[in-house]
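Quantities reported herein were computed from a predicted structural model and do not represent experimental measurements.
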Amino acid sequence: MSGKLSEKASDALFLSTGIHMESNRELFIENCRRIEEYNEVFMKLVSGGLYIQIWGSNLRAYDFKTKGLIVKGRISQIEFIERKRGKH
């Protein structure tokens, strides 16, 4: 029950993950909390209840101050992994 309640609260407060893509060159990830790993070919991000893994080349992160993150580069793959409850 508390899982559904917290999910509804997140949706009401606009804390859910939203992703906007522009071709394979740019992603905007809303409510990105943290960058776990980052280099030119791989990024692992925490956003809402997800880990978002991005593979590509010449990857760069921009504009983290806005509670979102812009990722630019040549994006070849995106993977979403659900986070276990009780973690950060």
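Residues that satisfy the side-chain contact (heavy atoms from CB on, under 4.5 Å) test with I81, not counting sequence neighbours, are Y51, Q53, E79.
Ring planes of W55 and F42: tilted class, angle from 30 to 60°.
Hydrophobic clustering places I54 together with I35 (ILVMFWY residues linked when any side-chain heavy atoms are closer than 4.5 Å, directly or through intermediates).
Residues R83 and V46 approach most closely at NH1-CG1, 3.4 Å, considering heavy atoms. Nearest approach of L69 to Y62, heavy atoms of both residues: CD1-O, 3.6 Å. Taking every heavy atom of both residues into account, F80 and L50 meet most closely at CD2-CD1, 4.1 Å.
Considering only heavy atoms from C-beta on, R25 comes within 4.5 Å of R74 through its side chain. Inter-residue side-chain proximity for I29 and I52 is flagged as met; some heavy-atom pair is nearer than 4.5 Å. Under the 4.5 Å side-chain criterion, counting only non-hydrogen atoms from C-beta, I19 is not in contact with E30.
No side-chain donor-acceptor contact under 3.5 Å links S57 to the backbone of G73.
Judged purely by distance below 3.5 Å, without hydrogens or angles, the side chains of E26 and H20 never pair a donor atom with an acceptor atom.
The environment of CD in Q77 is crowded: more than 12 heavy-atom neighbours from other residues, nucleotides or ligands sit within 6.0 Å.
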Inset, instruction - Determine, stepwise, if the pair K72 / L59 fulfils side chain to side chain contact (heavy atoms under 4.5 Å, CB included). - result: CA-CA 6 Å; K72 293 184 180 184; L59 298 177; over 6 Å; no

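Legend: salt bridge (Lys or Arg N to Asp or Glu O under 4.0 Å) pairs involving residues 38-57, not counting sequence neighbours, sorted by first then second residue: E40-R60.
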